[in-house]
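Working notes for the structure below.
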There are 2 protein chains.
Amino acid sequence: MNLSRQDQPIYLELAETLRREVQRMQPGDYLPGELHLATRFAVNRHTLRRAMDELVQEGQLARHKGKGTRVLDRPVIYPMRAESAYSASLSAQGLGVEARLLERRVRPASEAEAERLQLDPGAAVLELLTLRLIDKQPVSLIRHRYDAVLEPVLADYEGGSLRGFLADRGTALTRAYSLIGARLPSREEADRLLMSRQAPLLSVLTLSQNPAGQPVELSYSTSRADRFQYQVTP
Amino acid sequence: MNLSRQDQPIYLELAETLRREVQRMQPGDYLPGELHLATRFAVNRHTLRRAMDELVQEGQLARHKGKGTRVLDRPVIYPMRAESAYSASLSAQGLGVEARLLERRVRPASEAEAERLQLDPGAAVLELLTLRLIDKQPVSLIRHRYDAVLEPVLADYEGGSLRGFLADRGTALTRAYSLIGARLPSREEADRLLMSRQAPLLSVLTLSQNPAGQPVELSYSTSRADRFQYQVTP
DNA sequence: GGCGATTTGTCCGTATGTATC
DNA sequence: AGATACATACGGACAAATCGC
């Protein structure tokens, strides 16, 4: 029998209670431990966790294994960016732009990659995963893929402007086309970009070609939509 | 002890397996029962559920109490070319494009609008709010703003291609630039686009000009990111 | 640095409720 | 009414990360 007078499940009622609780705390504070809270609310730890899941989902809490559960910054009120212009001039104004190479690997191309890069099915591709920061803040994750024959050229790349690096070595690339979309981040992306899983990412798939018009580079970037806008000028 | 050779938790590995499984099924199909699947993958039912949670979260599955778990429609993505008009670009792909005029009003321009459209501060602007549907599915909300002197020209507009409507009346517009971003929908937007408040929107702010190069139209579109992509080709 | 205590993460087992067929 | 399927809740156990002593 359900002893609650509510018809809602306990975990949802509890989530509501926790929301009010969290509201009164400061961002950065840690909640009491799960066992403590479960005891206090007289529910099983799993039920408490299920309730906290809701708040984590909403981007109000972040869990840290071995440490505790932290109250996140208040949800950003999404501004009408249409009119606040995070313009190209800002990023061009010598704001600290940084690129960190996170991963480098050579692997067989997927079917879609082979088609876009005009490679033989299963040909080797070089994949670079880069994190881009502006003013010390992580903004974008970019996955570049090249025909593996370019590996020697890119062997020394450690970070910084990849475009510039290639141009310096005689491979100036131009964009053939881009596909722009938006989605929510995966667990890993949210982690690396220090963002909530509930905040959107702007994704850009770009195929670039060398001066001869051959497709050379396939890049897929995902950027925090609250820190990044894409401008198109014909 | 963890018997898996992977370092990922079982439920994430299992989610990956399920994704491949679901991929091969038809939208509308029901998955085998949780107990059956749990047995088949030799995990506890809770572990299976935890894995399925991931796919539900991703919008691939929907649970129905007492019935089962259904494979959802795969979102169709409509690429929209930056250089051409909305309707033309999409109907060229054989898609049923429809535009419904939701609101029409004349009001004073905001500061930002006046600047972009090169109007005097406080000048009147004509604002149109349009809902665009593709294949009967709501996809975009578009807010167009014009110098109010264009009102007589647009007085008869009731829906359909706005670009075409203007071109027919001697005002062919071209794009000056676009700013593309992403955010979560407001309650009203989610409502009108029949979408979840947790799913992202792709937003595009476009300034268009007449053949003389004068800015004439400021449009701000918000589109369901699960159905809409933006394509840029230089 | 090591070690134990604390805290979150994962997994299993079991029981019961509720909606659907 | 009975069987089936998903939903909720409790219990125990151990792993993994963190922190303080």
Side-chain angles (χ1 to χ4, degrees), chain A residues 1-18 21-22 25 28-72 186-188 190-192 194 196-197, chain B residues 1-18 21-22 25 28-57 59-72:
Chain A
M1 182 174 54
N2 185 358
L3 295 179
S4 165
R5 10 178 233 307
Q6 310 286 350
D7 51 356
Q8 271 204 324
I10 296 176
Y11 78 91
L12 283 181
E13 297 285 340
L14 186 51
E16 197 47 56
T17 305
L18 286 175
E21 201 93 346
V22 165
M25 299 179 63
D29 286 355
Y30 278 81
L31 286 178
E34 294 176 353
L35 223 50
H36 179 280
L37 286 174
T39 309
R40 177 177 145 204
F41 293 115
V43 296
N44 187 275
R45 181 176 157 232
H46 294 304
T47 306
L48 174 82
R49 274 180 70 80
R50 183 68 187 79
M52 286 177 52
D53 281 347
E54 297 293 307
L55 278 76
V56 169
Q57 188 65 22
E58 291 160 16
Q60 298 204 49
L61 298 178
R63 294 186 170 117
H64 298 283
K65 194 193 293 192
K67 277 184 78 172
T69 303
R70 190 166 44 88
V71 177
L72 290 179
S186 69
R187 187 179 302 266
E188 195 184 354
D191 220 40
R192 286 184 149 145
L194 300 180
S196 152
R197 284 203 70 184
Chain B
M1 183 173 51
N2 186 359
L3 295 178
S4 165
R5 10 178 232 308
Q6 310 288 350
D7 51 354
Q8 271 204 326
I10 295 177
Y11 77 90
L12 283 181
E13 297 284 341
L14 186 50
E16 197 47 55
T17 304
L18 287 174
E21 201 92 346
V22 164
M25 300 180 61
D29 286 354
Y30 278 81
L31 286 179
E34 294 176 352
L35 221 51
H36 179 280
L37 286 175
T39 308
R40 178 175 144 206
F41 292 114
V43 297
N44 187 275
R45 180 170 158 245
H46 294 306
T47 305
L48 174 81
R49 274 179 69 80
R50 185 68 188 77
M52 286 177 53
D53 283 347
E54 296 292 308
L55 278 75
V56 169
Q57 183 64 26
Q60 300 205 47
L61 299 178
R63 292 188 171 113
H64 300 284
K65 195 191 293 191
K67 277 184 77 174
T69 302
R70 190 166 44 88
V71 177
L72 290 179

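Order of the sequence lines fixes the chain letters, A, B, ..., with proteins taken first and strands second; residue numbering starts at 1 for each chain.
- Atom pair A:Glu34:CD and D:dA17:P shows a separation of 16 Å (rounding to whole Å applied).
- Within a heavy-atom distance below 4.0 Å of DNA chain D, the residues of residues 37-54 of chain B found are B:Arg45, B:His46, B:Arg49.
- B:Ile10 has its CD1 atom 13 Å from the P atom of D:dA15, to the nearest Å.
- In this structure, A:His36 places its NE2 atom 11 Å from P of C:dT8, rounding to the nearest Å.
- Atoms NZ (B:Lys65) and P (D:dC6) sit 12 Å apart, rounded to a whole Å.
- Summarising the geometry, the separation between OH on A:Tyr30 and P on C:dT7 is reported as 13 Å, rounded to the nearest angstrom.
- Distance, A:Leu14 CG to D:dA9 C1': 12 Å, rounded to whole Å.
- When the side-chain nitrogen and oxygen atoms of B:Arg63 are compared with OP1 and OP2 of D:dA7, one or more of them lie within a distance under 4.0 Å.
- A salt bridge does not link A:Arg49 to A:Glu54: none of the charged nitrogens lies less than 4.0 Å from a carboxylate oxygen.
- Using a distance-only test at 3.5 Å, with no hydrogens or angles considered, no donor-acceptor pair links the side chain of A:Thr47 to the main chain of A:Val43.
- The minimum heavy-atom distance between A:Ala51 and A:Tyr11, with the atom names listed, is CB-O, 3.3 Å.
- Contact detail for B:Tyr30 and B:Met25: the closest heavy-atom pair is O-CE, 3.7 Å.
- Taking 4.0 angstrom as the limit, B:Thr69 places a side-chain polar atom (N or O) nearer than this to OP1 or OP2 of D:dC6.
- When each of B:Leu35 and A:Lys67 is assigned the nucleotide of DNA chain D bearing its nearest heavy atom, the one mapping closer to the 5' terminus is B:Leu35.
- Nearest heavy atom pair, residue A:Leu48 against residue A:Ala38, reads CD2-N, 3.9 Å.
- The heavy-atom pair separating A:Ala15 from A:Leu55 by the smallest distance is O-CD1, 3.6 Å.
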